[in-house]
Peer 1: 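Supplied in structure tokens, the structure appears directly below.
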Amino acid sequence: MLKKGNRAIMEVLIKWHGATTEDATFKKFDRLMEKFPNANIEDKVSMASISSHDLIIHYMDKVFTIMKVDSNRYNYMDMFIDVCEVALRNQPSNVGMLLTMHCAIFGSNDFMDVTSTADVLQMFELYQRVNDIHIFLKASDIEGGGQESKDGLSDYQSNDDCDPISNSDSNDKGVDINRFMCGKEFEVQEGRKVSLEVGMLFGNVTEFREALRDYVIQEGFEIVKDKNEKTRVTVHCSAEGCLWRIHASPLPDGVTYKIKTFLFEHTYDGIRSEIRETYEIEPSNMQLYRARVKARDEIEGNHDKSYGKLPIYAEMVRETNSDSLVKIQYDRISLSVNPTFKRFFICFEAMKSGFLEGCRPFIGLDGCHLKGPYGGVLLAAIALDGNNGLFPVAFAVVEGETKESWSFFLYYLRTINGTTTHQRPLCFMTDRQKGVVEAINEITPEATHRVCSYNNRVFTFAMDKMKRDKKEGYEWLMEIPMHSWSRHAFDPRVRSEHVTNNMTESFNQWVGDLRGKPILTLVDSIRVKLMSSIHRRYEKACAWESLVTPKIRRKLDAIKHDSRMGVVVFAGNEEYEVIEGFTTFVVNLHDKSCICQAWEISGLPCKHAVACIQRKRANLEEYCDEYYSKETYLRAHGGIVHPIPDESMWPPRNHDPVEPPSLLHLPGRPK
């Protein structure tokens, strides 16, 4: 035990803790006195203490921070008062509440109750090596109801799909904040609709507010802001009775915002209240139903008229954009009946010439379903420009993804590329949709098709291992031509190492908001998108200073970083050996080749070639394929998709009326 004098000093030093002589602080001091009898009293008090901490307070989806709490000068009442001041400062004073504090236990998924000074001291002891201590505050009214339920939200155990507390035993972190970061990051993509969903993450509250503003403008309705604070944003639809509502709040880092609740459907009551406010009438349910039916009929009528105008639109395209290819295919039983629309194909001259003069002969094929009353599928052929940007070559509207519709599309697409020559092969990338493989083999048998290792040695090693481990998978894969899926067998003249069809998926999203429009609106809206896109890209590229495009410049920087470990041996006459680990690679700068084959397939110097080029002190950009140059990029986007006047200004034409296809009847009972 302590001597009387030392005990008195100890009591003076820590009396503000509110601890008794039986509390942990005194017991710990006793142990230190026994262990270090020759140390002075101030050193022992220091040993019993730890450095300052930041308390991270979680309450009702809000996060607060109490900075630099000194563990040697903090007791339960200090903590309780501070937590209440930061978390409950906006709470009405006439509301009785029962508050409990819970501390995340370092290194586990459990919590400890904080109800006394002894608990506070134990909390600091648990977090001796961690700066941030996470405290979760729960509040209930005196009658036992949950205060949080008024907002329809949970407490610190939010509706996230990730655990809030890390089980890491690291000395640096007791709570893994990254585990809160579960969700899709919000991303603004040019030409695409703003889309919001539960769990979506935003960089900060400002980014969320801007995305919400754009979404409301896009969808065309007004909102009421219930809460618009840095710690939470809650809004609902201004229409009376409408259930549309969204709520977002920050994650434990205090910055990243996350959508916690999103009721995205507008209700009948909202429509009724809008009619009441605008026209001062009270519609019945039957009137609302009939209005919806009439609106649907009008939409179908607009679609009907749109098909009839297609032949005139095709002529306008040919007149304003000469050498563009536009084809319409009809079904016609006899001359006594009007033709019925079947398929439509279009390729603008600017996109055709841009593909031939500035893009690699690599095309992704895909289709997306249309949402109008007549259904159908939008087929697209998408290339990549020198900056790896989407370059739509042609598109078509067909009845579905079948061998016949793909054959129709590929037949006219083949006329654009012309006869495949030895110098310019054609390679298709698909998802092996129904009918597309058969159509490619039939219409363009000379083209290669991709549905993955750069060199034969690595490929053989991997396939031998697969044959031993999973013989059935090996046999199934070997039935598919290797040039469809293995990089080592790719045609190097294509200058593309892509083995995914993501570019067509991106195109489908690019036109996503148009898929429910009448066919004429759909086609012409895509034309407008293309018109503005290629012009904007051309103007931007004129200011580039490098020989290659920006994305390729960044790729070269990454390859240069990877090339540092190679040992270069110069053989003479542009030939080199590069030793990487226990493997030797042969590089020929004159032929732009490396034994790894990555340079030949992609058109960009591999890391072995980059090591040699740097030894030579030459410019990396000069060894890239011409497809990646600024000059080629400008050729790709140098054409013009010419404007077309409004249909009210079209000259009269003599055409047989075109009937729309049969209405699409979905399976199941109609709604």
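If you're wondering where the values come from, they're calculated on a predicted model, not measured in any experiment. Residues: numbered from 1 along the sequence shown.
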Peer 1: Starting from the C-alpha separation in whole Å, work towards a yes-or-no answer on side chain to side chain contact (heavy atoms under 4.5 Å, CB included) for Ile416 and Met351.
Peer 2: CA-CA 10 Å; Ile416 295 172; Met351 310 312 293; over 6 Å; no

Peer 1: Quick one: do the Thr206 and Arg209 side chains pair a donor with an acceptor below 3.5 Å?
Peer 2: no

Peer 1: Could Arg553 and Glu621 be called an ion pair, given the rule that one side-chain N must be under 4.0 Å from one carboxylate O?
Peer 2: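 Glu621 and Arg553: salt-bridged.
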
Peer 1: Taking all non-hydrogen atoms of both residues, which atom of Gly566 and which atom of Val578 are closest, and how far apart?
Peer 2: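 The pair with the smallest heavy-atom distance is CA-CG1, 4.1 Å.
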
Peer 1: Is any side-chain heavy atom of His608 closer than 4.5 Å to a side-chain heavy atom of Cys596?
Peer 2: yes

Peer 1: Around atom OH of Tyr330, are there more than 12 heavy atoms of other residues, nucleotides or ligands at under 6.0 Å?
Peer 2: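 Enclosed.
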
Peer 1: Check His590, Lys616, Lys592 against Glu574 for a side-chain hydrogen bond (donor to acceptor under 3.5 Å, both in side chains) and give me the one that passes.
Peer 2: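 Of His590, Lys616, Lys592, side-chain hydrogen bond (donor to acceptor under 3.5 Å, both in side chains) with Glu574 is met by Lys616 alone.
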
Peer 1: Is there a side-chain contact between Leu310 and Val658 (heavy atoms, below 4.5 Å)?
Peer 2: no

Peer 1: When you look at CG of Asn654, are more than 12 heavy atoms from neighbouring residues, nucleotides or ligands closer to it than 6.0 Å?
Peer 2: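 Counting other residues, nucleotides and ligands, CG of Asn654 stays at 12 neighbours or fewer.
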
Peer 1: Could you check if a side-chain atom of Gln614 sits within less than 4.5 angstrom of a side-chain atom of Ser563, using non-hydrogen atoms only?
Peer 2: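 A side-chain contact exists here, since the closest heavy-atom pair is under 4.5 Å.
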
Peer 1: At their closest point, which heavy atom of Thr340 faces which heavy atom of Pro660, and how far apart are they?
Peer 2: CG2-O, 3.4 Å

Peer 1: How long is the span from the CZ atom in Phe348 to the OG1 atom in Thr320, to the nearest 0.5 Å?
Peer 2: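 Rounded to the nearest 0.5 Å, the CZ-OG1 separation comes to 8.0 Å.
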
Peer 1: Using every non-hydrogen atom in the two residues, find where Pro651 and Met316 come nearest and quote the distance to one decimal.
Peer 2: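 Looking at all heavy atoms of both residues, the shortest contact is CD-SD, 4.1 Å.
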
Peer 1: Backbone N or O of Asp385 within a donor-acceptor pair of the Arg360 side chain at under 3.5 Å?
Peer 2: yes

Peer 1: Students often mix this up, so state it plainly: with edges at 30° and 60°, are the rings of Phe391 and His637 parallel, tilted or perpendicular?
Peer 2: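 Phe391 vs His637 ring planes: perpendicular.
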
Peer 1: Just so I know, are the side chains of Leu514 and Thr521 near enough to count as touching, which here means a heavy-atom distance under 4.5 Å?
Peer 2: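 No, side chains not in contact.
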
Peer 1: Between Thr256 and Leu251, is there a donor-acceptor pair closer than 3.5 Å when you use the side chain of the first and the backbone of the second?
Peer 2: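 Side chain of Thr256 to backbone of Leu251: no pair is present.
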
Peer 1: Could you walk me through whether Lys193 and Glu219 pass the side chain to side chain contact (heavy atoms under 4.5 Å, CB included) check?
Peer 2: CA-CA 10 Å; Lys193 291 183 68 175; Glu219 299 299 321; 3.7 Å; yes

Peer 1: How are the rings of Phe202 and Phe208 set relative to one another: parallel (under 30°), tilted (30 to 60°) or perpendicular (over 60°)?
Peer 2: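 Phe202 and Phe208: perpendicular rings.
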
Peer 1: From Ile526 CD1 over to Phe395 CZ, what is the distance, rounded to the nearest 0.5 angstrom?
Peer 2: 4.5 Å

Peer 1: When you measure from the side chain of Trp406 to the backbone of Glu401, do you find a donor-acceptor pair of N or O atoms at a distance under 3.5 Å?
Peer 2: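 No; zero donor-acceptor contacts below 3.5 Å.
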
Peer 1: Measure the CG-CG distance between Leu620 and Asp557 for me, rounded to the nearest 0.5 Å.
Peer 2: 8.5 Å

Peer 1: Would you say that Tyr623 contacts Val610 through its side chain, given a criterion of any heavy-atom pair below 4.5 Å between the two side chains?
Peer 2: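 SC-SC contact between Tyr623 and Val610 ruled out.
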
Peer 1: Rounded to the nearest 0.5 Å, how far does CD of Gln597 lie from CZ of Phe585?
Peer 2: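 It comes to 11.5 Å.
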
Peer 1: How close do Asn204 and Tyr257 get, counting heavy atoms only, and between which atoms?
Peer 2: O-CB, 4.0 Å

Peer 1: Does Ser353 use its side chain to pair, donor to acceptor, with the backbone of Ala350 at less than 3.5 Å?
Peer 2: yes

Peer 1: Decide yes or no for Trp599 and Leu589: does some side-chain heavy atom of the first lie under 4.5 Å from some side-chain heavy atom of the second?
Peer 2: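 Side chain of Trp599 against side chain of Leu589, heavy atoms only: contact under 4.5 Å found.
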
Peer 1: Should the heavy atoms of other residues, nucleotides or ligands under 6.0 Å from CD of Glu631 be counted, would the total exceed 12?
Peer 2: no

Peer 1: Heavy-atom count around His535 NE2 within 6.0 Å, excluding the residue itself: above 12?
Peer 2: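 Count not over threshold, so no.
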
Peer 1: Counting C-beta onward and ignoring hydrogens, is there a side-chain heavy-atom pair between Lys352 and Asp323 closer than 4.5 Å?
Peer 2: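 Answer no - side chains too far apart.
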
Peer 1: Is a donor on one side and an acceptor on the other found under 3.5 Å between the side chain of Thr632 and the backbone of Tyr628?
Peer 2: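 The answer is no, because no donor-acceptor pair under 3.5 Å joins these two groups.
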
Peer 1: Begin from the C-alpha positions of Val523 and Val317 and carry the test side chain to side chain contact (heavy atoms under 4.5 Å, CB included) through to its verdict.
Peer 2: CA-CA 11 Å; Val523 172; Val317 170; over 6 Å; no

Peer 1: Roughly how far apart are Ile382 CD1 and Asp366 CG, rounded to 0.5 Å?
Peer 2: 9.0 Å

Peer 1: Quick one: does any side-chain atom of Asn573 pair with a main-chain N or O of Glu575 as donor and acceptor, under 3.5 Å?
Peer 2: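 Side chain of Asn573 to backbone of Glu575, a donor-acceptor pair under 3.5 Å: no, none is there.
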
Peer 1: Mind checking whether Leu379 and Leu365 have side chains closer than 4.5 Å, heavy atoms only?
Peer 2: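 A side-chain contact under 4.5 Å is absent here.
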
Peer 1: Output yes when Glu626 and Arg635 qualify as a salt bridge under the 4.0 Å nitrogen-oxygen rule, no when they do not.
Peer 2: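 Arg635 and Glu626: salt-bridged.
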
Peer 1: Fit a plane to each ring of Phe345 and Phe408, take the angle between them on a 0 to 90° scale, and name the class: parallel (under 30°), tilted (30 to 60°) or perpendicular (over 60°).
Peer 2: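 Rings of Phe345 and Phe408: perpendicular, as their planes differ by over 60°.
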
Peer 1: Report the distance from atom OG1 of Thr549 to atom CG of Leu634, rounding to the nearest 0.5 Å.
Peer 2: 11.0 Å

Peer 1: Considering non-hydrogen atoms only, spot the tightest contact between Phe355 and Ala383 and give its length.
Peer 2: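 Taking every non-hydrogen atom into account, CD1-CB, 3.7 Å.
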
Peer 1: Check whether Lys630 reaches the backbone of Trp544 with its side chain - one donor and one acceptor, N or O, closer than 3.5 Å.
Peer 2: yes

Peer 1: Is it the case that atom NE2 in His655 sees more than 12 heavy atoms from other parts of the structure closer than 6.0 Å?
Peer 2: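 Check passes, neighbour count above 12.
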
Peer 1: Are Arg527 and Asp524 ion-paired here, with the side-chain N under 4.0 Å from a carboxylate O?
Peer 2: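 So Arg527 pairs with Asp524 through a salt bridge.
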
Peer 1: Determine, step by step, whether Lys555 and Val548 satisfy the side chain to side chain contact (heavy atoms under 4.5 Å, CB included) criterion, reporting the C-alpha distance in whole Å, the side-chain angles of both residues, the deciding distance to 0.1 Å, and the verdict.
Peer 2: CA-CA 11 Å; Lys555 270 195 171 185; Val548 296; over 6 Å; no

Peer 1: For the backbone of Glu349 and the side chain of Ser324, can you confirm whether one donor and one acceptor N or O come within less than 3.5 Å of each other?
Peer 2: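 Yes.
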
Peer 1: Measure from the side-chain N and O atoms of Arg564 to the backbone N and O of His561, and report whether any donor-acceptor pair falls under 3.5 Å.
Peer 2: yes

Peer 1: Is there a donor-acceptor contact under 3.5 Å from the side chain of Gln218 to the main chain of Val194?
Peer 2: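 Such a contact is found between Gln218 side chain and Val194 backbone.
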
Peer 1: Classify the ring geometry of Phe507 against Trp510: parallel below 30°, tilted from 30° to 60°, perpendicular beyond 60°.
Peer 2: tilted

Peer 1: What's the shortest heavy-atom distance between Leu196 and Ala211, and which atoms?
Peer 2: CD2-CB, 4.4 Å

